[in-house]
Amino acid sequence: MKTVDLRSDTVTQPTPAMRATMLEAPLGDDVFADDPTVNALQSRIAELLGKEAALFVPTGTQSNLVAIMSHCGRGDEYLVGQMAHTYRWEGGGAAVLGSVQPQPLEHQSDGTLAIADIEAAIKPDDSHFARSRLLTLENTIGGKVLPLAYVADATALARRRGLATHLDGARLFNAAVAGVAALGGDPRAKAREIATHFDSVSVCFSKGLGAPVGSALVGSKEFIRAAHRWRKMLGGGMRQSGVLAAAALHALDHHIDRLADDHALARRLAEGLAGLPGMTVEAPQTNIVFADLHGPLAAGLMAHLSSRGVLATGSFYVQSSRLRFVTHLDVDAAGVDRAVAAVREHLMTA
Ligand SMILES: *Cc1c(COP(=O)(O)O)cnc(C)c1O
């Protein structure tokens with residue numbers, strides 16, 4: 001039985017063409033800054049996102065941590081969403097390793113942080129308070145695309161109040177591809193347009209772009225110089241990392257536009273699930289589908305799915321469960337249909 005792995009877009013295997021470019025990549029020692037493939041990737045992603053410089057890092061978590069530590073010092077704080085990766089899913093790294101206090105804010109239903117909440121959370125310059133130094137946003141957030149007008153307003157407010165801005169754009173290219181879907185246009189230009197509003201941006205190559213490892217942090221030369229020092233301190237100085245950068249370059253060449261396929265599969269999955277009894281499905285904007293199941297069948301659903309070779313992630317409550325399905329490079333329409341069939345089988349025959 002072939003497994004359909006919808007747990008995350010991180011599970012993709014490098015394609016044969018990607019493996020071939022990794023094997024052929026010219027390599028150096030990136031700690032001596034002479035790995036030509038890493039240098040090529042850093043120039044490429046900086047230019048693509050309209051920033052002066054970039055840093056290749058092993059993970060998105062390290063990228064965000066390095067960014068927060070480069071923008072903020074001890075006793076500073078960053079404003080961040082309650083459900084943001086940079087707050088909830090990074091082990092408290094900014095506080096533990098950076099002595100930077102998070103100021104988490106509730107999200108609105110579209111994933112944004114209300115402008116009024118951001119404004120109210122910025123502390124006056126008073127020794128009782130941590131110094132508000134940074135606003136971090138995430139795009140996509142829970143698979144939702146932040147409206148560009150919102151991004152402009154939120155970052156303008158931050159700038160007006162003297163805060164730096166960081167975007168966790170782990171799935172920035174999903175946002176960009178979704179952003180041009182209706183009217184057409186180049187997703188690369190859209191990604192740059194989104195990035196323009198921020199001082200720094202982190203992007204993952206290991207999610208929908210399909211590379212095995214790696215993220216990039218982009219920003220000004222001065223910012224990246226600071227980030228480079230923190231990366232070294234955090235153990236992120238890698239050596240012949242061009243072998244990984246080659247995969248990321250290949251992904252930038254070949255895997256941006258095809259994210260539209262993942263988005264179409266997510267819609268196919270959502271439509272398939274939406275008609276099933278007890279299921280509530282949010283229409284996906286990108287490659288992530290959330291489906292809520294209410295009633296007594298919720299408890300056994302995940303076990304049933306895995307018995308049918310369908311993998312997803314989920315949270316469970318007494319009489320309900322929330323499932324998350326993520327489409328990616330290694331999923332096709334047949335796989336999506338098998339996932340829907342497995343859910344249907346559980347709901348109709350139990
Ligand atoms: C995956 C992800 C990251 C980074 O994850 P790593 O596993 O550390 O590479 C950061 N932010 C968001 C929104 C993510 O989805």
Side-chain angles (χ1 to χ4, degrees), residues 5-12 14 41 45 49 54-70 78 80-94 96-98 102 104-105 107 110-113 134-146 151 165-178 191 194-195 198 200-218 227 230-231 234-236 238 241 244-245 247-248 251 255 259 262-263 266 284-290 312-313 324-329:
D5 194 344
L6 296 159
R7 289 173 302 169
S8 176
D9 45 8
T10 56
V11 301
T12 55
L41 174 65
I45 190 70
L49 295 178
L55 190 66
F56 184 49
V57 284
T59 64
T61 297
Q62 188 175 95
S63 191
N64 286 325
L65 178 58
V66 155
I68 292 169
M69 291 174 77
S70 301
Y78 66 112
V80 61
Q82 189 69 249
M83 296 302 287
H85 205 280
T86 45
Y87 171 60
R88 184 169 285 247
W89 306 94
E90 295 180 2
V96 174
L97 300 167
L105 301 175
H107 297 271
D110 62 357
T112 60
L113 309 175
L134 174 69
L135 172 67
T136 71
L137 298 179
E138 184 174 316
N139 197 12
T140 60
I141 172 122
K144 292 175 177 162
V145 181
L146 295 182
V151 167
T165 53
H166 173 69
L167 176 66
D168 178 358
R171 298 189 177 88
L172 174 64
F173 288 105
N174 292 90
V177 165
I194 298 168
F198 296 89
S200 59
V201 179
S202 174
V203 286
C204 285
F205 301 115
S206 59
K207 297 257 159 100
L209 292 179
V213 174
S215 288
L217 180 63
V218 301
W230 287 122
R231 183 187 70 171
L234 294 168
M238 299 185 286
S241 39
L244 302 172
H255 293 170
L259 291 170
D262 300 345
H263 300 177
Q285 296 179 17
T286 57
N287 68 328
I288 303 180
V289 178
F290 287 101
T313 54
R324 189 188 81 152
F325 302 91
V326 187
T327 57
H328 52 74
L329 194 57

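All of these numbers come straight from a predicted model, not from anything done at the bench. Numbering of ligands and ligand atoms starts at 1, following listing order.
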Part of T86 within contact of ligand 1 (heavy atoms, under 4.0 Å)
neither
Listed pairs under 3.5 Å, donor-acceptor, residues 200-214 side chains, sequence neighbours left out:
residue : atom : partner : partner atom : Å
S200    : OG   : H71     : NE2          : 2.8
S200    : OG   : H166    : ND1          : 2.8
S202    : OG   : S63     : OG           : 2.8

D168 vs T136 side-chain heavy atoms within contact, under 4.5 Å
no
If you measure from each non-hydrogen atom of D168 to ligand 1, which part falls under 4.0 Å: side chain, backbone, both or neither?
side chain
R7: salt bridge (Lys or Arg N to Asp or Glu O under 4.0 Å) partners, not counting sequence neighbours
D5
Under 4.0 Å from a heavy atom of E138: give me the atoms of ligand 1 that qualify, with their elements.
13 (C)
Going by atom types alone, do N174 and H263 pair a side-chain donor with an acceptor below 3.5 Å?
yes
Has the side chain of R231 got a donor or acceptor atom that lies under 3.5 Å from a matching backbone atom of F56?
yes
Within ligand 1, which atoms have a heavy atom of R171 less than 4.0 Å away?
15 (O)
In ligand 1, the atoms that come under 4.0 Å of a heavy atom of T59 are 8 (O), 9 (O)
Atoms in ligand 1 with a heavy atom of G60 nearer than 4.0 Å
4 (C), 6 (P), 8 (O), 9 (O)
Over all heavy atoms of both residues, which pair between A195 and L49 is shortest? Give the atoms and the distance, please.
CB-O, 3.6 Å
closest protein heavy atom to atom 1 (C) of ligand 1 is K207 NZ, 1.2 Å
Suppose we measure from atom 7 (O) of ligand 1 to each protein heavy atom; which comes out shortest, and what is that distance?
T61 OG1, 4.5 Å
